[in-house]
Structures are given as C-alpha cells and as structure tokens.
Amino acid sequence: MVQIRLTNTRTRRKEDFQPIDPTNLRLYLCGPTVYDRAHLGNARPVLVFDVLVRLLHHVYGREAVTYVRNFTDVDDKINAEAQRRKAAGSPLSLEALVAERSEETIAWYHADMDALGAMRPHIRGKVTPLAEPRATAYIAQMIQMNLDLIARGHAYEAEGHVLFDVRSFPDYGKLSGRSVDDMMAGARVEVAPFKRDPMDFVLWKPSDDELPGWDSPWGRGRPGWHIECSAMSAALLGPSFDIHGGGIDLQFPHHENEIAQSCCAHPTEDFARYWLHNEMLQVEGKKMSKSLGNFFTVRDLLDRGVPGEVIRFVMLSTHYRKPMDWTEAKAAEAEAVLRRWRGLVAGIEPATSPAPALVEALADDLNTAGAFAVLHELAARGDAARLLVSARMLGLLLPEMGRWAEADNAVAARIEALLEARAAARKARDFARADAIRDGIAAAGVEVKDTATGSEWALAAGFDAKALDALARELGLT
RNA sequence: GGUGGGUUGGCGGAGAGGUUACGCACCGGAUUGCAAAUCCGUGAAGACCGGUUCGAUUCCGGUACCCACCUCCA
C-alpha cells in the first residue's frame, strides 16, 4: 500500500498518514459562509481536498472515505441581506429570508464547484446532503456542546453571551504557534467588558427581534462563529477523526477555537489528527481584494469563457502550501496543454491504473506540480491510455469536463470547407492563396497539421469562431 | 509589535547533501513549396553573507526583500 505523507500544521512536519481506521477515513473541510458567490480563493481548498480525496479513494477505496464539508448559514452578512429583502417589502419572515438567501447561494456554490470538477462531499463514498451539513440544522448540538463546556468549567455566561475561557485550556494557541500573552500584546480589538480575558471568544450571543435567533438556556440568540464546525464534525465524524482542512487564514482564530471547543468538550479524544492548510491565492502578484479591483468569483471566470478544467489545472500547478498566483498567462498555458492532451487521448480507453510515479508524487504531501511532470512525460512518450487514467486522478481529462475543448458540427464543417479550399489552392500551386487561408485559420485559433495523408486540425488556445466565419465570408465560401 | 510562510534559469514551478525535474519561451537540426504541428538536440538557476561538510541550491545561523495571519476573509 502506498504510504501517504502530509504536512501536519499541528506539528509543522511532514508525517506518515496513519488512519484511525483504514476502513473508515473521516475528513472535514471548512466550507463557505453562504452569503454570496464563491470567489476564486474559495476554490483552492476545495480543489486541494478534491485531489486528496481522490488519492484516498485510490489507496483505501471510495467506500472507506467520508468527506464532510459544511455550509455556514449563520452569519451577519446573510442577516443583512435578509433584512434588506424584508425592507424591500418581502412578506417572508426573517428566518425564511435567511433560508432563501442561503438556498440560492448554496445552489451557486454547487454549480461553480461542479464546473471545476470537484467531487461532492460524501459519506462512505455515497454523495448525500448529510455530508454537507448546514449550521442551522445543528443548533441543538451547538447548545448541548456549550452546556458541556460550561459544566466542565471551560465556558461561562455573561450578559446573555456564552464565552469560552481561553485560560482554562493550556494548549490554546498551540496550532497557530502563539501564546495568549503574545496575542494580547498585539491585540487591536476593543474588548467587551464582560470578558474574563480579552482573548475569550463567543460561543453564543443574543439576538434582538431584528435578527434570526433560536431559544436557548441563555435566551433567544445565535451561535458564535466557530462552534458550528465543532458540533457538526462531532455529529458526523465523531469526536476523533483523521484530517481537517481549510485555508491558512482560518488557522487563527477559527481552527484554534475549534480545537479549544472540541478538545475541552471531549477531553479524552484527539479531535482532528492531521491539519492541512493551503496558502492564499493572489491575482497577478497581488492579494485579491475588492479595493484593488482584482476581486472576482469563479463564476466571473466561467462566464468569461475560462473553462473550469483550465481553472483547475492552474490551481493544481502550484503546491498547496505555497501562495498561488492566478495570471492570464497561466490560464492560456493551461488551456494549450489541456487541448494537446485531449487531442492525444481522444477515443482512447483509459489504462487500468495510473502511473506509479504520479501516485508517488501525490502521496508525497500532494505534490501536484510533480504529478504534472509525470503527465507531461506520459504525453511525450505517447502513452495516451496511461496519461488518461493518470490525469483523471487529478480530476483532469474527465469526459464531463471536456465540452469546452470540442468543436460543434457547424464549426467542424466550416474548418473542413476552409481546408478544402486551401488544398485546392495548393494543388493549383497558388501558394499565396493557400497560405492566406492557412494563416487566417491559425489566427482564428485552429491548429492545422499537414500530414502525408492530408490536413488534420484541432482547436487551439484562443479559438474564435467569429474570426473563422469572417474568413469564410471573405473567401466566398458561405 | 507578535506569529507563520516564502525568495530556484527569460517566465511558471518541483524534488533531492554529490548524478537531466518538468512545462512554456528561446536557439540549432530533421521535416515542409514556405510554414505550422511533430521529432531530435543545445543553452540557461538557486536573494545576500557566514557556518557545518570531501562536497550545499538542498542542513544551520544572520541580513535584505516579499506575503499572510493577529480584524466572523478559503
């Protein structure tokens, strides 16, 4: 069996991955807060985990893997949108409007992640809504966890809030490598007067009539940000599970607080044994932010005609623990490579197993860049069957992802007609006309290959159907 | 200020204490009516300063620069 090695943020070392139960692997990935479209950065942890899960399927079998990813549908931004709709005259209740907003956002999220070829979360291999829990469906478990934490002396009530007492958990700060005292020195936030320690964080907070809320022992209120992941992972994966992932920006405070809550509520358990964090995404060398004007969503890219498979390729070409820079140049290069590979594997049956070197690369802390080198090597050797099955381990060259690379019948007929006109010109040794047609076809993004038996063609990067039509009109072929 | 990460050839981007990463681009050759595609081949690196070592781009220390988190952003 292939030994998987992962960099565990908890120990800051690359470690052999030893599952708690090899027949029942359990993973948790922090999913989106569903207030708006997923931006490009949201896609990175999803794709990193997607490759990890595909690797686990390969090594342990699909039915041995449970992969849970949550939707956080309790959030001030969702509330704000619901209040806006209420003010605009909606007859629905605030709770219903929150649900409505979450519902539409989740549908977008699914559509966008599907377009990137990301597998849906699943329980023992079976895709089910249960594997994508929503915070609002686990309020009772959160309340219970808060009660447990209070009973064990790790949390306290103050002015309708329930707060976690960070001083009660000696390991607080261990994941992110900071001490409570260090953090206090750099604290910039205004501290609520009812906190025992400035770093104490909210487990439950009161809601007024303008906000959605649930009845609790502390009055009508809503959960704090971190408790939902602790409650849902415990409910679906148990108090100890294998791998927990997310963006590095979640390391503190979100994951630190999850650990504090979960470990204090279940003191004899491990919570997550391996922590995986992906580095951030940048755009053309800069942080993606609304103020810089380089902020965009996955949908923006898809609508601009960048195929999901290309986005996926670019994302995976940088190792997950390094900052990844999204650039137009990379997208163009990825598109060209994918077209070439798709041409190579067209009509080919996949081999039975992926290249061992590729599995080795992925098993070594998800070295996707190294995996690409193996794919290039297979392509160069012309081993199309092996290339196909190997690329699919990265979620590439899947049949359902390839529509973008195909020409429809009208386009194919147009190209054939142009090539016939060129062939006729060449036969008549009218090379000026033949070359003009060829250059026009090439400029439209169609690659022409002359072989001993005639001309073949394939769509290349930047294919432009309109330019092709214009060329045909110019030559009087329509 | 605290914490963590990074700096590799023209560009992107990996691994390994000593032997070609890989891709794109470039250059040379084969091929072609000329090209394209394809094939073959060449060249090109390890921020800076020290240390360990027979040998470091790879380990250790320092410097510079960049980035992230510390603010309910993946």
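Order of the sequence lines fixes the chain letters, A, B, ..., with proteins taken first and strands second; residue numbering starts at 1 for each chain.
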Side-chain atoms of A:R340 come closest, of B:rC69, B:rU38, B:rC73, to B:rU38
Calculate the interatomic distance between A:R381 atom CZ and B:rC40 atom C1'; express it in whole Å.
-> 17 Å
Neighbour count above 12 (heavy atom, 6.0 Å) for A:K14 NZ = yes
Now, which nucleotide makes the Watson-Crick or G-U wobble pair with B:rG17, with each of the two distances under 3.5 Å?
-> none
Just checking A:L281: base, sugar-phosphate only, or nothing, at a heavy-atom cut-off of under 4.0 Å?
-> base
To the nearest angstrom, how far is A:F372 atom CZ from B:rG15 atom P?
-> 15 Å
Taking the side chain of A:P253 as its heavy atoms from C-beta onward, which of B:rA74, B:rG33, B:rC70 lies nearest to it?
-> B:rC70
Please check the phosphate of B:rG13 (OP1 and OP2 only) for any side-chain N or O of A:K330 closer than 4.0 Å.
-> yes
Which is true for A:R222 with a 4.0 Å heavy-atom rule: it touches a base, it touches only sugar-phosphate, or it touches nothing?
-> nothing
Assign A:D450 to base, sugar-phosphate, or nothing according to its heavy-atom contacts below 4.0 angstrom with the strands shown.
-> base
Expressed in angstrom and rounded to an integer, what is the separation of A:E447 atom CD from B:rU32 atom C1'?
-> 16 Å
Using a strict 4.0 Å threshold on nitrogen-to-oxygen distance, state whether A:R321 and A:D365 make a salt bridge.
-> yes
Atom CZ of A:F252 and atom P of B:rG5 are separated, to the nearest Å, by 17 Å
Take atom C1' in B:rA47 and the same atom in B:rU38, then report the distance between them in whole Å.
-> 39 Å
A:F463 atom CZ is separated from B:rA36 atom P, nearest whole Å, by 22 Å
Looking at A:V389, A:L387, A:L344, which one forms a side chain to side chain contact (heavy atoms under 4.5 Å, CB included) with A:L378?
-> A:L387
When you get a sec, tell me which of B:rU7, B:rA74, B:rG15 is the closest nucleotide to the side chain of A:D249?
-> B:rA74
Heavy-atom nearest nucleotide on RNA chain B taken for A:G247 and for A:Q251; more 5' hit belongs to A:Q251
Within the modelled atom types, does a donor on one side and an acceptor on the other bring the side chain of A:R429 and the base of B:rG33 under 3.5 Å apart?
-> no
Any donor-acceptor pair under 3.5 Å joining the side chain of A:D435 to the base of B:rG33?
-> yes
Between B:rC24 and B:rG17, how far is it from one C1' atom to the other, in whole Å?
-> 30 Å
Can you tell me how far C1' in B:rA68 sits from the matching atom in B:rG10, rounded to whole Å?
-> 28 Å
Report the distance from atom CZ of A:F164 to atom CG of A:L203, rounding to the nearest 0.5 Å.
-> 7.5 Å
Could you pick out which residue, A:D364 or A:R321, lies toward the 5' side of RNA chain B when each is mapped onto its nearest nucleotide?
-> A:R321
B:rC11 to B:rA45 separation - C1' atoms, rounded to the nearest Å | 13 Å
Now, which nucleotide makes the Watson-Crick or G-U wobble pair with B:rU31, with each of the two distances under 3.5 Å?
-> none
Salt bridge or not for A:R120 and A:D50, using N-O below 4.0 Å?
-> no
Could you grab the distance from atom CH2 of A:W341 to atom CG of A:L396, nearest 0.5 Å is fine?
-> 7.0 Å
Can you figure out which of B:rA14, B:rC67, B:rC24 approaches the side chain of A:E333 most closely?
-> B:rC24
What nucleotide among B:rA37, B:rU38, B:rG33 has an atom nearest to a side-chain atom of A:K449?
-> B:rA37
Side-chain contact check for A:R438: nearest option of B:rG33, B:rA68, B:rA14 is B:rG33
Checking all strands, does A:H319 fall into the base, sugar-phosphate, or nothing category for heavy-atom contacts under 4.0 angstrom?
-> sugar-phosphate
To the nearest Å, give me how far apart CG (A:D439) and P (B:rU32) are.
-> 20 Å
Counterpart base for B:rA64, defined by Watson-Crick or G-U wobble contacts under 3.5 Å | B:rU7
Contact under 4.0 Å: A:K77 side-chain N or O vs B:rC73 OP1/OP2 | yes
Could you work out which one of B:rG5, B:rG13, B:rA74 sits closest to the side chain of A:E279?
-> B:rG5
Integer angstrom distance from the C1' of B:rU57 to that of B:rA36 = 39 Å
Whole-angstrom distance between B:rG5 and B:rA74, as gauged at atom P | 23 Å
Touch class at under 4.0 angstrom, heavy-atom based, for A:G246 against every strand present | sugar-phosphate
Taking the same atom, C1', in B:rC27 and in B:rG9, what whole-Å distance lies between them?
-> 15 Å
Can you tell me how far CZ of A:F17 sits from CG of A:L52, rounded to the nearest 0.5 angstrom?
-> 7.5 Å
How far does the C1' atom of B:rG18 sit from the matching atom of B:rA25, given to the nearest Å?
-> 31 Å
Atom CG of A:N257 and atom C1' of B:rC69 are separated, to the nearest Å, by 14 Å
Cationic tip of A:R167 within the cone over A:Y172's six-membered ring, i.e. under 6.0 Å and within 45° of the normal?
-> no
Hey, does the side-chain of A:R44 have a donor or acceptor N/O within less than 3.5 Å of a partner on the base of B:rA74?
-> no
Can you tell me if the side-chain N/O atoms of A:T318 get under 4.0 Å from OP1 or OP2 in B:rG13?
-> yes
Please tell me which of the listed nucleotides, B:rG4, B:rG23, B:rA74, lies nearest to the side chain of A:R12?
-> B:rG4
Between A:F431 and B:rG33, do the rings stack, that is, sit under 5.5 Å apart with planes less than 30° off each other?
-> yes
Any donor-acceptor pair under 3.5 Å joining the side chain of A:H277 to the base of B:rA74?
-> no
Counter-base of B:rC22, judged by Watson-Crick or G-U geometry with both distances under 3.5 Å | B:rG12
Report yes if a side-chain nitrogen or oxygen of A:K322 is closer than 4.0 Å to either non-bridging phosphate oxygen (OP1 or OP2) of B:rC67; otherwise report no.
-> no
Salt-bridge contact A:E81-A:R84 (side-chain N to carboxylate O under 4.0 Å) | yes
Minimum-distance nucleotide to A:T33 side chain [options: B:rA74, B:rC22, B:rG13] | B:rA74
Taking atom P of B:rG12 as reference, at what distance in whole Å does atom CH2 of A:W326 sit?
-> 16 Å
